[in-house]
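Below, read A as the first sequence line, B as the second, and so on, with proteins coming before strands; counting in each chain starts at 1.
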There are 2 protein chains.
Amino acid sequence: MDYIQISNYLKAMAHPTRLKIIIRLSRGPQCVNDITGLITGRQANVSQHLSLLRLHGIVDCRQNGNMKCYFLKNPKLIKKILTVFQ
Amino acid sequence: MDYIQISNYLKAMAHPTRLKIIIRLSRGPQCVNDITGLITGRQANVSQHLSLLRLHGIVDCRQNGNMKCYFLKNPKLIKKILTVFQ
DNA sequence: AAAGTTTATTCGAATATTTGAATATACTTT
DNA sequence: AAAGTATATTCAAATATTCGAATAAACTTT
């Protein structure tokens with residue numbers, strides 16, 4: 001990963017709503033509706049952030065009946081970054 | 001550090017030019033002129049990025065005669081983040 | 001199949017970031 | 001003190017990001 005890719009990855013993480021989502025997902029998978037509950041914002045906006053996170057390879061999801069379950073694609077990497085800030 | 005502060009810190013890092021500067025400074029202090037040499041851009045622009053990095057507590061500097069020497073304020077933290085991406 | 005849930009997409013306005021240009025400041029040497 | 005070198009600041013234009021509003025899509029239950 002070169003510095004351009006790293007900066008893209010960090011930029012995707014570096015939004016308060018997205019980071020909040022990431023922190024939540026670092027404790028386990030969640031569906032969109034539950035994630036929306038954490039955020040002061042609309043479901044559509046949460047979906048926008050989730051699709052950006054997916055585009056950058058930070059999260060992925062699987063259909064689960066009616067719902068979609070999001071999870072971190074590389075939880076180890078994310079957890080390492082988060083623990084640096086504690 | 002809460003998620004707002006963390007996202008601000010990550011945002012400050014998450015620009016290709018600034019990350020390049022940070023990576024360079026992780027190997028030791030450098031003056032503005034040397035840093036400018038790394039970047040495809042003007043000295044004034046490098047100064048802009050450096051002052052933003054300083055504002056966010058990522059770097060600091062000391063006057064060194066004619067020149068200003070920039071260095072990472074928390075090199076351990078930065079190095080931990082960078083090694084995650086290798 | 002109609003109604004209800006859950007999630008995604010598109011678009012435009014508001015906002016934030018980035019950059020170059022111009023110029024200022026500060027220190028050093030002559 | 002004038003000229004030279006190194007760095008910083010300000011402003012405006014260009015660009016990118018973010019969010020709400022509207023609505024679409026997909027699945028589930030009735």
Could you check how far CG of L52(A) sits from C1' of dT17(D), rounded to whole Å?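 To the nearest whole Å, that distance equals 10 Å.
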
Please report the distance, rounded to the nearest Å, between CZ in R62(B) and C1' in dC27(C).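 About 17 Å, once rounded to whole Å.
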
Under 3.5 Å, which protein N or O atoms sit close to an N or O of nucleotides 10-15 of chain D? Give each pair with its distance.
from    : atom 1 : to     : atom 2 : distance (Å)
dT10(D) : O4     : Q48(B) : NE2    : 2.9

Taking for each residue the nucleotide of DNA chain C with the nearest heavy atom, is it L50(A) or N66(A) whose nucleotide lies nearer the 5' end?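 Taking each residue's closest nucleotide, the earlier one in sequence belongs to N66(A).
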
When G65(A) and R42(A) are each assigned the nearest nucleotide of DNA chain D, the 5'-most assignment goes to R42(A)

Would you kindly compare Q63(A) and N45(A) by the position of their nearest DNA chain D nucleotide and give the one closer to the 5′ end? N45(A)

At less than 4.0 Å, is any side-chain N or O atom of K68(B) found next to OP1 or OP2 of dA8(D)? Yes or no.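 K68(B) to dA8(D) OP1/OP2: side-chain N or O found under 4.0 Å.
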
So, OP1 or OP2 of dT6(C): does either fall under 4.0 Å of a side-chain N or O from Y70(A)?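 Checking dT6(C) against Y70(A), no side-chain N or O comes under 4.0 Å of OP1 or OP2.
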
Where along residues 2-40 of chain B does a heavy atom come under 4.0 Å from DNA chain C, residue by residue in number order?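 By residue number: K11(B), H15(B), R18(B).
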
What's the closest nucleotide to the side chain of H49(A) if the choices are dT7(C), dC19(D), dA8(D)?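 Output: dC19(D).
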
Apply the side-chain contact (heavy atoms from CB on, under 4.5 Å) test between Y3(A) and each candidate in L82(B), L19(B), I21(B); give the one that qualifies.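 For Y3(A), the side-chain contact (heavy atoms from CB on, under 4.5 Å) check succeeds only for L19(B).
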
So do the side chains of C31(A) and N64(A) get within less than 4.5 Å of each other, counting heavy atoms only?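 In short, these two side chains do not touch, never coming nearer than 4.5 Å.
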
What I want to check is whether the side chains of N8(B) and Q5(B) have a donor and an acceptor closer together than 3.5 Å. no

